[in-house]
Protein chains: 2
Amino acid sequence: MSYTIGQVAEMMGVTPSTLRYYDQEGLLPKVNRVNGIRVFEDSDFAWLRILNCLKNTNMPIKKIKEYVELAKLGDSSLKERYEIIKEQKQNILEQIEQFKYYLREIEFKEWYYETAIKEGTEKNMMEKMKNNPSFDLDEIPKNTKLKNK
Amino acid sequence: MSYTIGQVAEMMGVTPSTLRYYDQEGLLPKVNRVNGIRVFEDSDFAWLRILNCLKNTNMPIKKIKEYVELAKLGDSSLKERYEIIKEQKQNILEQIEQFKYYLREIEFKEWYYETAIKEGTEKNMMEKMKNNPSFDLDEIPKNTKLKNK
DNA sequence: CCTTGACTTAAAGTTAACTTTAAGTGATAT
DNA sequence: ATATCACTTAAAGTTAACTTTAAGTCAAGG
């Protein structure tokens, strides 16, 4: 089965322009053409899946390109590609942990507003907050946004 | 206790320029000045914490600003602020779920490389993959990057 | 035959979130 | 007293990741 750029874009939830941009940046190395028109095959979907995964977990386009270039080298780059994947796995794990932390923080704020709304005012919240077990004065967690070099 | 912009920047893991930029964008509404110099007080830290939380969970600066403007209105905006917090909580939950999904995907790729490296080649991986229980041909999950309007 | 719609390119434009620069102020250390 | 920091502003510059535009090709339907 083969697909047009529009169909693939639809499947991935992006626009055809975005896919053309990825192609231009070298992220779609083995997509065929017929009369100049891109024709996506089922065999391209394994790569589209992993591309989607790397992109949606905040790997920059440039780093994804590095990965693509390594893949083009074949077996000799297996180890390097493995390292990139392990690094990205680590990034994902850290991002999940961060988000779980911020979830607790926002749930505290949710409680804050629920309580204030019941009262009709947030004037007395300073007092109330001391009785909430989530109220503590940790440091501000540092911004640890991943840079992927 | 009071702090300079440099100290606060250090605590938050950003540069002083970034904090000045936030101030310019109206994200630091009640920071005092002495001789034109910003003086952060302990009382500012509650807001710095929530700012940090919203920012690091991908709420755009503009949306954070909206939230700040609502907060300035006092009790009359409690409900609207509550809605923003609930919405952001939802975003965080969705982002965690997405990341968990991509974690499974990348762990599959990790297994792929471990196996290929043992073999010294990825030539036979198509065959091997069929025996891995994680190998399935779901749709490509759509990009559901949150826009926060 | 001609219109419609989906595809093509190269190049310019957009947006968010900073970051840098240039010029200046003011307290502290030598 | 002078050099060195850390602070200040306004404005210009940067970067990533698209997005839009303009001009064109091509196959299918009425």
Side-chain angles (χ1 to χ4, degrees), chain A residues 1-28 31-41 44 48 51-68 88 91 95 142-149, chain B residues 1-28 31-41 44 48 51-68 88 91 95 142-149:
Chain A
M1 194 46 185
S2 64
Y3 308 84
T4 68
I5 198 170
Q7 291 171 317
V8 173
E10 162 78 343
M11 288 183 239
M12 294 181 70
V14 299
T15 67
S17 288
T18 303
L19 283 180
R20 288 189 197 106
Y21 163 72
Y22 291 161
D23 196 5
Q24 191 177 290
E25 296 302 304
L27 265 46
L28 306 178
V31 172
N32 285 328
R33 304 273 190 135
V34 173
N35 289 331
I37 292 175
R38 292 172 189 84
V39 177
F40 293 78
E41 304 292 341
D44 294 318
L48 290 174
L51 167 59
N52 202 55
C53 170
L54 299 178
K55 195 175 71 66
N56 288 337
T57 55
N58 300 321
M59 184 180 285
I61 301 290
K62 272 188 188 168
K63 182 95 183 209
I64 300 178
K65 166 125 200 218
E66 275 176 52
Y67 179 74
V68 170
Q88 187 62 6
N91 286 344
Q95 294 191 62
K142 285 197 188 171
N143 172 4
T144 56
K145 271 273 168 77
L146 328 117
K147 292 285 172 202
N148 302 64
K149 199 175 44 218
Chain B
M1 193 47 185
S2 63
Y3 309 83
T4 66
I5 199 170
Q7 292 171 317
V8 174
E10 162 78 342
M11 288 183 240
M12 294 181 69
V14 298
T15 67
S17 289
T18 303
L19 283 180
R20 288 191 197 105
Y21 164 71
Y22 291 161
D23 196 4
Q24 193 178 289
E25 297 300 307
L27 266 46
L28 307 177
V31 172
N32 284 329
R33 303 276 188 132
V34 173
N35 289 333
I37 292 175
R38 293 172 189 84
V39 177
F40 293 78
E41 305 291 342
D44 293 319
L48 290 174
L51 167 59
N52 203 55
C53 170
L54 299 178
K55 195 175 71 67
N56 289 337
T57 55
N58 301 322
M59 184 180 284
I61 300 290
K62 271 189 189 169
K63 183 96 183 207
I64 300 178
K65 166 126 203 218
E66 275 176 50
Y67 179 74
V68 170
Q88 188 62 6
N91 286 344
Q95 294 191 63
K142 285 197 188 171
N143 174 4
T144 57
K145 271 274 167 77
L146 327 117
K147 292 285 170 198
N148 302 64
K149 198 174 41 209

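Bear in mind the structure is a predicted one, so any value in this text is a computation, not a measurement. So you know, we letter chains A, B, ... as the sequences are listed, proteins then strands, and number each from 1.
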Open item on the list: Under the rule for side chain to side chain contact (heavy atoms under 4.5 Å, CB included), what residues qualify as partners of A:K65, not counting sequence neighbours?
Closed with: A:L27, A:E69
Open item on the list: Distance check needed: C:dA17 C1' versus B:N56 CG, whole Å only.
Closed with: 13 Å
- [ ] Report the distance from atom CD1 of B:I64 to atom C1' of C:dA17, rounded to the nearest whole Å.
- [x] 11 Å
Task: Any B:I5 side-chain heavy atom under 4.5 Å of B:I37 side chain - done: no
TODO: Assign each of A:Q24 and B:I61 to its nearest nucleotide of DNA chain C by heavy atoms, then name whichever residue's nucleotide is nearer the 5' end.
DONE: A:Q24
Task: Distance test, side-chain N/O of A:T18 to OP1/OP2 of D:dA17, below 4.0 Å - done: no
Task: Flag, side chain of B:Q88 to backbone of B:C53, donor-acceptor distance under 3.5 Å - done: no
- [ ] Look at the side chain of A:Q95 and the backbone N and O of A:N58, then say whether any donor-acceptor pair between them is shorter than 3.5 Å.
- [x] no
Task: From B:E25 atom CD to B:I64 atom CD1, the distance as rounded to the nearest 0.5 Å - done: 11.0 Å
- [ ] Tell me which nucleotide among D:dC18, C:dA16, C:dT19 gets nearest to the side chain of B:T15.
- [x] C:dT19
- [ ] Assign a letter to each nucleotide of nucleotides 3-8 of chain D from its 5' end: B, base within under 4.0 Å of a protein heavy atom; S, sugar-phosphate only; -, no contact.
- [x] ----SB
- [ ] Can you tell me the distance, in whole Å, between the CG atom of B:N58 and the C1' atom of D:dA17?
- [x] 15 Å
Task: Separation of C:dA17 C1' from B:L19 CG (nearest whole Å) - done: 13 Å
- [ ] Not counting sequence neighbours, which residues clear side-chain hydrogen bond (donor to acceptor under 3.5 Å, both in side chains) with A:T15? List them please.
- [x] A:T18
- [ ] Using whole Å, report how far CD of B:E25 lies from C1' of C:dT15.
- [x] 13 Å
- [ ] Write down the distance between CE (A:M59) and C1' (D:dA16), rounded to a whole number of angstrom.
- [x] 16 Å
Open item on the list: It should be established whether B:Y21 places a side-chain nitrogen or oxygen under 4.0 Å from OP1 or OP2 of nucleotide C:dT20.
Closed with: no
Open item on the list: Using whole Å, what does the distance between atom C1' of nucleotide C:dT8 and atom CZ of A:F40 come to?
Closed with: 13 Å
Open item on the list: Using whole Å, what does the distance between atom P of nucleotide D:dT9 and atom CG of B:L28 come to?
Closed with: 12 Å
Open item on the list: Taking the basic N atoms (NZ, or NE/NH1/NH2) and the acidic carboxylate oxygens, is any pair closer than 4.0 Å for B:R38 and B:D44?
Closed with: no
